[in-house]
Structures are given as C-alpha cells and as structure tokens.
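Worth saying up front: this structure is predicted, and the values here are computed from it rather than measured.
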Amino acid sequence: MNTWIKLFFSLMTVFFSTLSFAQDKAKPEMADGLKANGMIYVVVIVLLIVFAGIIIYLISIDRKLNRIEKELKK
Amino acid sequence: MKKNWWKILAVILLVYTITMGFIGEVPAMFILRETIRNLYFHVTMWFAMQTLIIISLVFGVRYLMIQGKVDRGLDADGTLKLKATKFDIISKEAVNVSLVFGAVGLLTGAVWAKSTWGTYWAVEDPKLNGAALGFLMYLIYNVLRSSIKDEDKKARIAAVFNMFAFMMFMVFVNVVPRMQDSLHPGNGGNPGFSAYDLDSNLRAVFYPAVLGWILLSIWILQIRIRLQKIIRIKEYNEYLD
C-alpha cells in the first residue's frame, strides 16, 4: 500500500515537471488560462495537490486503524 | 461512511478555503495588501488550537470527576476506571495535537509579521508573548506527564495542571492583549475583526475556513486517540499473556 502511494506521487512529480517544460516553448505569454491574474491559479493548484496528498495520507492512516481495530475485536 | 460525514465536510470546506482563499476578492488595505488572505490560514490555526485545548480541559475535568467517583468506591465493575482512562487519553492527545497547530500558528504569524510589522517577533506585542507563554504552558504539560511514572498520579496531576495551563493561556492570549497596546487587531487601540467582518467577501471564506481547520484538527485528534487505545489494548493483552 505504502509503496504504491510513493510510486504514485513520484510519477505525478515527473508528470508535472515534464508538463511545465513543455509549456516553456509555447506561444508568447498571455494572461489566459492558468496564467490569468499573475498565475495565482498555479499556486492554488499546487496547494490543492499538497492538500490532497495530506488528506490521502490521513485517510490511509484512518483505514489502517480501522483494520487493526477490527482485528483487535476478534 | 455515515459516521465520517464530518471528515468529508472538513475536506470540502478546506478545498473551498484554499481555492477561494487565493482567488476570492479581498478588501484593499494599506500595509496588509494581499497578506490579509493569511486570515484564512494563520488565524484559523489558533481557532483550531483553542478548540483543542477546550476539548482537553473538558476531558481533563471529566477525568477528575470520574476518578473522584472511583476513589469513593463507586466503581463496582471497573467500567468507571476504564472511562476515566479514556478521558485521560483524550485530554492528553488533544494537547499534543493543539501543540502542532500552535507551532504552525506561531511560525505563520512570524512570517506574516515580518512583511507587515517589519519583524519576525514584535517583542512589544503582548499577544505574541502571551501566545508563546501559553504554548510553553502546554509544552510543560507534556514534560510534567513524562516526569511521573505512576499512571494514576500522572493523570491526576496532569488534569489539574491542564486547568491551570488553560487559564493561563486564556489570560495571556485573550485578556491581557486587550488591556494593552497590541499590534493584533481587536486588541489595545486597534480595530477588531469587526472591521474586517464588515467585508462579506472575507467572512464568506473565513467562517468556513475556521470550521474546516477545526474539523481537520479533530480528525487528527481522533486518529491519535484510536492509536493510543490500540496501544493500551495491546499492552493489556501482553500483560495477560
């Protein structure tokens, strides 16, 4: 379980880093899409990913505890 | 799933907070500028922290009440003692989680202070020093606990010290700063949050943010309590073996 989570996040990191390289060669910078409003949306997405990571981690701990609690009840 | 609805609510509220906290409209103010958005992230840490120490106080007092009954010999089948142990665990773990939120609150406050007040630690600000003192009180709570070996004595003394620490925290953080000049809003000669509350944009994110962070902190607290219970049961089983 843990190794899968680690693998998932490392793959995501690679994916997003290649994504940002690809954008460097794009057309002149315009304030559209994620670049609108001084690119604050990029920060929002980064923070949401960080938050998602923390929540997924919390949920996995929660589930692990559920399993152990069930085993102890037996 | 039915019992965990509040965890889902916490996640929804915090996703809303993070998104709207950055792209939502905020009032234009001098000095503060965009840092007013820290209201959703720094101030809420202290709301979560204070909720946790209230929980800790309540369960500390309940521990003493139940333990008093046990002492008077009203505990025939041992259920009261079990309950008392449970309350003690909740009280202790609430302090532990509150320390995490308090530490984050102090650090984020320092960063915010650097950009608006010009220094990481405004020594003359009673709220800062009060928060540091209150934080230390709860660190001492943990030191006190770890210094007593007898479980029963540890829980009793910790519960009484908890009341003392809570009172000190409230006086230092919520009373003294209001009687002196403080840089924090709502204290000394400064306008309170009521000045910001007039702005419905801030309110629309701030209140959900407070609730979201409080729920998240309680989620972490619940995980820690369950872990402690498992540890106790395991120790008990080993003791039986």
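- Checked against the 6.0 Å centroid threshold, B:H184 and B:W117 count as a close aromatic pair.
- In the model, B:K7 has a side-chain atom that pairs as donor or acceptor with a side-chain atom of B:N4 under 3.5 Å.
- Within the 4.5 angstrom heavy-atom criterion, only side-chain atoms of B:L216, from C-beta onward, approach chain A.
- For B:F135 and B:F101, the gap between ring centers reaches or exceeds 6.0 Å.
- Using a 4.5 Å cut-off between heavy atoms, B:I233 contacts chain A through its side chain alone, with no backbone atom that close.
- For a residue to count as touching a neighbouring chain, one of its non-hydrogen atoms must lie under 4.5 Å from one of that chain's; by this rule A:L72 touches chain B with the side chain only.
- Remark: B:E25 CD is loosely packed, at most 12 non-hydrogen atoms of other residues, nucleotides or ligands lying under 6.0 Å away.
- Note: A:D62 leads A:D62, A:I68, A:L58 in heavy-atom pairs under 4.5 Å with chain B.
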